[in-house]
Amino acid sequence: MKQFTSVHDVTDINALVAEALQLKQNPYALQQLGKNKTIGLVFLNPSLRTRMSTQKAALNLGMNVMVLNIDKEGWALELQDGAIMNGTTVEHVREAAAVLGQYVDIIGVRSFPGLKNREEDYSETVFNKFVEYCGVPIVSLESATRHPLQSLADLITIEELKTIERPKVVLAWAPHIKPLPQAVPNSFAEWMCKADVDFVIAHPEGYELNTHFTQGATITHNLQEALTDADFVYVKNWSAYEPYGKIIGNHDDWMLTNDMLTRTHNAKIMHCLPVRRNLELSDEILDGPHSVVIHEAGNRVWAAQAVLKQMLESL
Ligand SMILES: CCC[C@H](NC(C)=O)C(=O)O
Ligand SMILES: NC(=O)OP(=O)(O)O
C-alpha cells in the first residue's frame with residue numbers, strides 16, 4: 001500500500017479488516033517491521049482519537065513517532081502557489097512538506113475543509129499539496145472530504161459485532177450547532193457501499209451528500225423508516241453540500257432516543273466521536289446498552305496498525 005487516502009487505495013477491504021483483527025489479537029507480533037522507521041503525524045486541526053491511536057499503532061509496529069501541530073507549532077503556512085509572501089504567512093507548504101519528508105518515512109496529515117469554498121475543499125487542495133511535495137507515502141488523518149482510518153475502524157467494528165451475515169447499516173444525520181465537514185459521512189458511505197451490508201442514509205431534505213460517495217446506498221428523508229430493522233445506526237452530523245457548509249432548518253427531532261430504537265433490530269449505536277451529548281446523541285443512548293462508541297474508538301488502533309503494516313511492507 002503506497003498511500004492511504006480513501007477506500008480506493010485498498011485492494012481488498014475484507015482482507016484488511018481480517019488483518020486488523022489479527023493484529024488486535026497479537027498487537028506486538030511485528031515489532032521488527034517498523035524498526036528504525038519514522039512516522040510524522042501533522043495536524044492542522046484538533047484531534048484526540050486519531051492522534052493517540054495512530055501513535056499507538058506505530059509504536060506497536062516498532063516505529064519512531066513524531067507529532068506536529070503545524071497550525072500552532074509550525075510557521076504560518078502559505079498554501080497558494082505563486083503567492084507573494086508579504087503578508088502574515090512565513091513558510092510555503094512546498095518547503096514545509098518537503099522538509100518534513102526529509103525527517104520521516106511515512107507522513108500522516110489532518111487537514112479539515114474551510115467549508116467556505118466547495119471547489120477548493122473538494123479538490124483537496126491543502127491535502128494534495130502535502131502529497132505532492134512531501135516525497136514520502138502519505139496516510140490521511142482526515143482530509144477535507146474523507147476520513148478513511150475512521151471508516152476502516154467502523155467496518156472492523158461492524159464485522160466484529162454483527163449478529164447476521166449481511167446487517168442493515170443506517171447512517172443517520174443528527175443535529176449540531178456548528179457546520180461540520182462531510183468527510184466522515186462521505187467516507188463511511190464509500191466504505192459501506194463496498195461492504196457486505198444493506199446500507200441506508202437517512203437525513204433531512206437538503207443534506208444530500210455528493211453522489212460521488214453514495215452510489216449504491218438507499219437514501220431516505222424518513223428516519224423512522226430507516227431505523228426499522230436496523231442492526232447498526234451510525235449517528236453523525238454534517239453540514240449541507242448545497243448551500244455549501246450551511247446549517248439549514250431546525251431538525252432537533254432527528255436526535256435519537258431509546259424510544260426511536262424500538263423500531264430497530266436491537267441496533268448497536270455508533271459515532272466517530274467527539275459527540276455533543278443531548279444535541280447529537282442523548283445521554284440515555286450514550287450511557288445505555290446500545291452504544292458501542294468506545295469499542296469503536298478502540299478499533300482505531302487496529303485500523304491504523306493494519307494500514308501502517310501494509311505501508312511499511314511497501315517501503
Ligand atoms: C472525527 C470528527 C471530526 C470532525 N468533528 C468535529 C466536531 O469537528 C468532523 O465532524 O469531521
Ligand atoms: N474520530 C476521530 O477522528 O476523532 P479525533 O478527531 O479526536 O481524532
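Numbering of ligands and ligand atoms starts at 1, following listing order. Numbers here simply count residues along the sequence, with the first being 1.
Contact between Arg276 and ligand 1 is absent, with no heavy atom of the residue lying under 4.0 Å from the ligand. By the 4.0 Å heavy-atom criterion, Asn45 is excluded from the residues contacting ligand 1. Assignment of Gln150 to the shell around ligand 2 is supported, since a heavy atom sits closer than 4.0 Å. Contact between Pro181 and ligand 1 is present, with at least one heavy atom of the residue lying under 4.0 Å from the ligand. For the ligand labelled ligand 1, residue Trp238 lies outside the 4.0 Å heavy-atom shell.
Of the N or O atoms in Arg51, none lie within a sub-3.5 Å distance of an N or O in ligand 2. For ligand 1, the polar-atom distance check finds no N/O of Arg110 at less than 3.5 Å from any of the ligand's N/O atoms. Checked against a 3.5 angstrom limit, the closest N/O atoms of Pro46 and ligand 2 fall outside it. In terms of N/O distances under 3.5 Å, ligand 1 is approached by Glu142. Close N/O approach between Glu142 and ligand 2 is not found [any backbone or side-chain N/O within under 3.5 Å].
Close approach of ligand 2 to His147 (heavy-atom distance below 4.0 Å) involves ligand atoms 2 (C), 3 (O). Heavy-atom proximity to Phe112, at under 4.0 Å, picks out these atoms of ligand 1: 3 (C).
For the atom pair NZ (Lys168) and CZ (Phe232), the distance works out to 13.5 Å, reported to the nearest 0.5 Å. With rounding to the nearest 0.5 Å, the separation of OG in Ser143 from CG in Leu44 is 12.0 Å. For the atom pair Ile138 CD1 and Gln3 CD, the distance stands at 8.0 Å (nearest 0.5 Å).
Atom 6 (O) of ligand 2 has as its closest protein heavy atom Arg110 NH1, 2.8 Å. Protein heavy atom nearest atom 10 (O) of ligand 1, with residue, atom name and distance: Lys236 NZ, 2.7 Å. Scanning the protein heavy atoms around atom 6 (C) of ligand 1, the nearest turns out to be Leu180 CD2, 3.9 Å. With respect to atom 4 (O) of ligand 2, the closest heavy atom belonging to the protein is Arg49 NE, 2.9 Å. From the protein, the heavy atom lying nearest to atom 2 (C) of ligand 2 is Arg300 NH1, 3.3 Å. Among all non-hydrogen protein atoms, the one lying nearest atom 7 (O) of ligand 2 is Leu48 N, 2.7 Å.
With hydrogens and angles left out, the side-chain atoms of Glu160 and His295 include a donor and acceptor closer than 3.5 Å. In summary, the side chains of Gln305 and Glu19 do not present any donor paired with an acceptor at a separation below 3.5 Å, with no hydrogens or angles considered. A donor-acceptor pair shorter than 3.5 Å cannot be found between the side chains of Thr157 and Glu296. With no hydrogens or angles considered, no side-chain donor-acceptor pair links Thr5 and Arg146 at under 3.5 Å. No side-chain N or O of Glu190 forms a donor-acceptor pair with one of Asn186 less than 3.5 Å apart.
Taking a cutoff of 4.0 Å between a charged side-chain nitrogen and a carboxylate oxygen, Asp81 and Arg94 qualify as a salt bridge. No salt bridge links Asp231 with Lys162; every basic N to acidic carboxylate O contact stays at or beyond 4.0 Å. The pair Glu280-Arg277 does not count as a salt bridge, with every side-chain nitrogen at least 4.0 angstrom from each carboxylate oxygen.
With a 4.0 Å cut-off on non-hydrogen atoms, Asn237 does not touch ligand 1 at all. The backbone of Leu273, and not its side chain, has at least one atom closer than 4.0 Å to an atom of ligand 2 (non-hydrogen atoms only; backbone = N, CA, C, O).
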**Request:** List the steps and the verdict of ring pair (Phe, Tyr, Trp, His ring centres under 6.0 Å) for Tyr241 and Tyr122.
**Result:** CA-CA 10 Å; Tyr241 180 75; Tyr122 272 71; 5.0 Å; yes

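By heavy-atom distance, the residue among Ala153, Cys272, Ser47 lying nearest atom 1 (N) of ligand 2 is Cys272.
Within the 4.5 Å cutoff, side-chain heavy atoms of Ile177 are placed close to those of Arg276.
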